[in-house]
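Computed from a prediction, not measured in an experiment: that's the story for all the values here.
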Amino acid sequence: MASASYRHEGSTKFGPDNKWGSFVAGSVAWEIVNMPFMQQVQLVDMLKPRISYGVTGRSDFDPYLSQQNYKAEGNYYMDGRWVTGYAPAVNANPALAWEKAVVTNIGIDFSFWNRLRGSVEYYDR
């Protein structure tokens with residue numbers, strides 16, 4: 001068994017040169033008991049080694065963090081009237097880009113005598 005995917009996503013939350021991100025994933029597994037050389041083995045009901053690798057992107061934060069933002073900051077008397085002043089609230093971050101998480105999973109699923117079932121895995125994120 002094999003699976004592969006490629007995603008190309010965009011978000012306006014990021015800086016001008018980083019709005020798009022590419023993310024790949026793939027996995028393979030082998031159902032060994034279905035092979036002809038395993039047909040004579042009565043001990044094993046299921047034996048499946050597997051491995052997967054994937055990259056995901058994170059964009060779950062407030063919008064406009066890549067742009068300069070201003071907020072009302074006090075009132076000032078100017079030319080005979082009160083005027084609201086504005087000051088920077090968030091400094092621009094034009095280099096803001098996708099945060100990528102890499103996940104690797106290696107495991108084996110097994111079943112012996114149709115009674116003992118389980119999985120052993122190594123997972124790294």
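Taken from CD1 in Ile108 to CZ in Phe110, the straight-line distance is 8.0 Å, to the nearest 0.5 Å. Note that CH2 of Trp113 is 5.0 Å distant from CG of Leu43, once rounded to the nearest 0.5 Å. For the atom pair Arg50 CZ and Met1 CE, the distance stands at 10.0 Å (nearest 0.5 Å). Between the OG atom in Ser22 and the NZ atom in Lys100 there is a gap of 6.5 Å [rounded to 0.5 Å]. We find the CG-CD distance between Asn93 and Gln67 to be 11.0 Å, quoted to the nearest 0.5 Å. For the atom pair CD1 (Ile51) and OG (Ser27), the distance works out to 10.0 Å, reported to the nearest 0.5 Å.
Looking at Asn18, its side chain does come within 3.5 Å of a backbone N or O of Ala95 through a donor-acceptor pair.
Hydrophobic cluster membership differs between Ile106 and Tyr123, with clusters built from Ile, Leu, Val, Met, Phe, Trp and Tyr side chains linked at under 4.5 angstrom. Hydrophobic clustering (side-chain heavy atoms under 4.5 Å, transitive across Ile, Leu, Val, Met, Phe, Trp, Tyr) groups Phe112 together with Ile32. Clustering ILVMFWY residues whenever any of their side-chain heavy atoms sit less than 4.5 angstrom apart, transitively, puts Val120 in a cluster other than the one holding Val103.
Applying the ring pair (Phe, Tyr, Trp, His ring centres under 6.0 Å) definition to pairs two or more places apart or across chains, those involving residues 10-52 are His8-Trp20, Phe14-Phe61, Phe14-Trp98, Phe23-Trp98.
Closest non-hydrogen pair, Ser66 versus Gly15, comes out as CB-N, 3.7 Å. Here the closest heavy-atom approach between residue Arg7 and residue Val55 is recorded as NH1-O, 4.3 Å. Between Leu47 and Val44, the closest heavy-atom pair is CB-CG1, 3.8 Å.
Considering only heavy atoms from C-beta on, Tyr122 comes within 4.5 Å of Asp124 through its side chain. With a 4.5 Å cut-off on side-chain heavy atoms, Thr12 and Pro63 do not count as touching. Counting heavy atoms from C-beta outward, Pro88 and Tyr70 have side chains that approach closer than 4.5 Å. Under the 4.5 Å side-chain criterion, counting only non-hydrogen atoms from C-beta, Asn105 is in contact with Glu121. Residues Val90 and Gln68 form no side-chain contact, since every pair of their non-hydrogen atoms from C-beta on lies 4.5 Å or further apart.
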**Q.** Derivation of the side chain to side chain contact (heavy atoms under 4.5 Å, CB included) call for Lys13 and Leu96
**A.** CA-CA 8 Å; Lys13 293 181 178 182; Leu96 188 62; 5.7 Å; no
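Side-chain polar atoms of Thr84 and Asn75 form a donor-acceptor pair below 3.5 angstrom.
Classification of Arg81 and Asp79 as a salt-bridged pair fails, no side-chain N sitting under 4.0 Å from a carboxylate O.
Around the OH atom of Tyr64, the shell of radius 6.0 Å holds no more than 12 heavy atoms that belong to other residues, nucleotides or ligands.
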